[in-house]
K.L.:
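Have a look at this one.
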Amino acid sequence: MESQRRSFGDDTSISPELDRLIRQRGRDLRLRKLDQQNAVKIVNHLIDSLLEFLKNNDDQPFFRDISVLTSGSYYEMVKINKPNEFDIMLKLKVPRLVLSELDEYQGLFYKIMLSKATRTEIQHFLLEDDRTISATKIKAEMYRLVRKFISNHFKGEGWVIRRSLVNSPAVTLEFKAKEKDDYVMSVDIVPALEVPQGWPQAARAGPNIKNWLGKKNCRQLVSKPVYFVPKRPKGRNLKDDAKESWRISFSHIEKEMIQYHGNKKTCCESYSNKCCRKLCLRLLKCLIEGLKQQYPKELESLCSYHGKTAFFHVLSDRVQDSLWSPGQLSVSFMKVFRYFERCAMNGSLPHFFVREHNLFSPPAFPKRAIVFLANVLTEQRELGLPALKAPSPTSALVPAVIHPISGTDSIVASERFFKHIYVCLLVIIVCVGIGCLFKK
DNA sequence: AGAAACTAAGAGCAT
DNA sequence: ATGCTCTTAGTTTC
């Protein structure tokens, strides 16, 4: 009995050293105010100018009527180490839409059509049927506009547009300071369609937050619109619909849940009722980054969104504010960690809003990677979380942006590119070889 | 549309 | 280390 409790979910066994490590690391992860000031000056200038450019641009009226939705960890206030990644969603005004879920993707990817024919500006972004909104066309135009903006207004100011990746919804801008090579920032700009007319069927049940945030807040959140970003599922040989597909995004809901995270309204209102929920998420993000750095190949499909999702599941189950008091930091973090570990062991991490979609299912997350992750997490726990110790401040500057919406590491695509080259070379060599044989 | 009010969190200082 | 205030950035509201 005793030993069984120890091997499952027993959190009483946190050693003083582990407790100290968790607290120390939690402090180190803070963003320095000076870094923030420097970053914000540059990034806000960029975003303000980009908005002005888009609102006044003459050649693409559809992108004139936009509004900004800041998202991602910086704007959720859970960014760790350095303020070097910013996520901006640009909401595009669209007429009434009809969504149809793509089979095989359990409610995450959709084909989006206009509910009736239109003569508004969106007509240039439709497929031949004059109804279906083309994700690739919208993304390509976003890219073209951002590139035009940079070359017209930001020449030589340190901003470079990153090569577009087929699986990412974002146009990514990178900032490199001239003097300091190591100073890198990135801004992801993601076009998004707003769908105010209720959540799609797959998410209709709503997130499991009634006990945690209360029925009233739940109703409020569920009455908000959902967004769709131009992202196609992973994999080769996609069907035509999948190539033009949109992925549902709950970034704005996630941001709100992180902001109003308490069971009681008074949570984090003053000193006396501070809680450690956000800190737990930061620590989990740190651990994930550390592991990805240590095993980049094996954990290629792992991203911070998996951690965030697990975190939400724990919050919705462990609702009492008192359980999350700062004094309970290490206990709380280990609860989150153990849940994440169990998800990996079971190969099951349901999307928080689209519950039938398992984020730990192949092909997006290969079986091998799940098994590897489960083993690595167990090992981490047994060794006292060495991955938290890894000094990552410099590594955080390596421009491997994990996008919360895209949920994939941007580096993946470039690796695939090189694989293609290898394969091509191999084929050529074999052909030449065969040719030589025949000559003989 | 822009200013004011409000919130969160880092910094600094005292204990 | 912990408690508290001040400052700044982001958001909301009018």
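All heavy atoms count here, side chains included; hydrogens, waters and symmetry mates do not. Please read all numbers here as calculations on a predicted model, not as lab measurements. A note on names: the letters A, B, ... follow the listed sequences, proteins ahead of strands, and every chain is numbered from 1.
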K.L.:
Take A/L34 and A/H261, find for each the nucleotide of DNA chain B with the closest heavy atom, and name the residue whose nucleotide sits nearer the 5' end.
P.N.:
A/H261
K.L.:
With a cut-off of less than 4.0 Å, is there a side-chain N or O of A/R282 near OP1 or OP2 of B/dG10?
P.N.:
yes
K.L.:
Quick one: A/Q259 CD to B/dA9 C1', roughly how many Å, whole number?
P.N.:
12 Å
K.L.:
Using the rule given for side chain to side chain donor-acceptor pair (under 3.5 Å), can you reason through A/Y305 versus A/E254, listing the C-alpha separation, both sets of side-chain angles and the distance that settles it, and then say yes or no?
P.N.:
CA-CA 11 Å; A/Y305 194 72; A/E254 291 159 12; 2.6 Å; yes
K.L.:
Do A/T70 and A/K255 have side-chain N/O donor and acceptor atoms under 3.5 Å apart?
P.N.:
yes
K.L.:
Answer yes if the side chains of A/Q60 and A/E141 hold a donor-acceptor pair under 3.5 Å, and no otherwise.
P.N.:
yes
K.L.:
Reckon A/Y260 touches a base, only the sugar-phosphate, or nothing at all at heavy-atom distances under 4.0 Å?
P.N.:
nothing
K.L.:
With the threshold set at 4.0 Å, does a side-chain nitrogen-carboxylate oxygen contact exist between A/K82 and A/D35?
P.N.:
yes
K.L.:
Students often get this wrong, so: under 4.0 angstrom with heavy atoms, is A/R32 touching a base, only sugar-phosphate, or nothing?
P.N.:
sugar-phosphate
K.L.:
Is there a donor-acceptor pair under 3.5 Å between the side chain of A/R30 and the backbone N or O of A/R27?
P.N.:
yes
K.L.:
Distance check: side-chain N/O of A/K274 vs OP1/OP2 of B/dA9, anything under 4.0 Å?
P.N.:
yes
K.L.:
With a 4.0 Å cut-off on heavy atoms, is A/K255 in touch with a base, just the backbone sugar-phosphate, or nothing at all?
P.N.:
sugar-phosphate
K.L.:
May I ask you to say what A/Q36 touches in the nucleic acid, namely base, sugar-phosphate or nothing, with a heavy-atom cut-off under 4.0 Å?
P.N.:
sugar-phosphate
K.L.:
Verify whether the ring centers belonging to A/H306 and A/F340 lie closer than 6.0 Å.
P.N.:
no
K.L.:
When the distance from OH of A/Y271 to C1' of B/dT7 is rounded to whole Å, what number comes out?
P.N.:
13 Å
K.L.:
Measure the distance from CG on A/D48 to C1' on B/dA1 and round it to the nearest whole Å.
P.N.:
14 Å
K.L.:
Look at all strands and tell whether A/T70 reaches a base, only sugar-phosphate, or nothing, counting heavy atoms closer than 4.0 Å.
P.N.:
sugar-phosphate
K.L.:
May I ask you to check whether A/H124 and A/F62 place their ring centers less than 6.0 Å from one another?
P.N.:
no
K.L.:
Name the residue closer to the 5' end of DNA chain C, choosing between A/V40 and A/S272 according to the nucleotide with the nearest heavy atom.
P.N.:
A/S272
K.L.:
Could you tell me from which nucleotide to which nucleotide of DNA chain C, 5' to 3', there is an atom under 4.0 Å from chain A heavy atoms?
P.N.:
C/dC4 to C/dT11
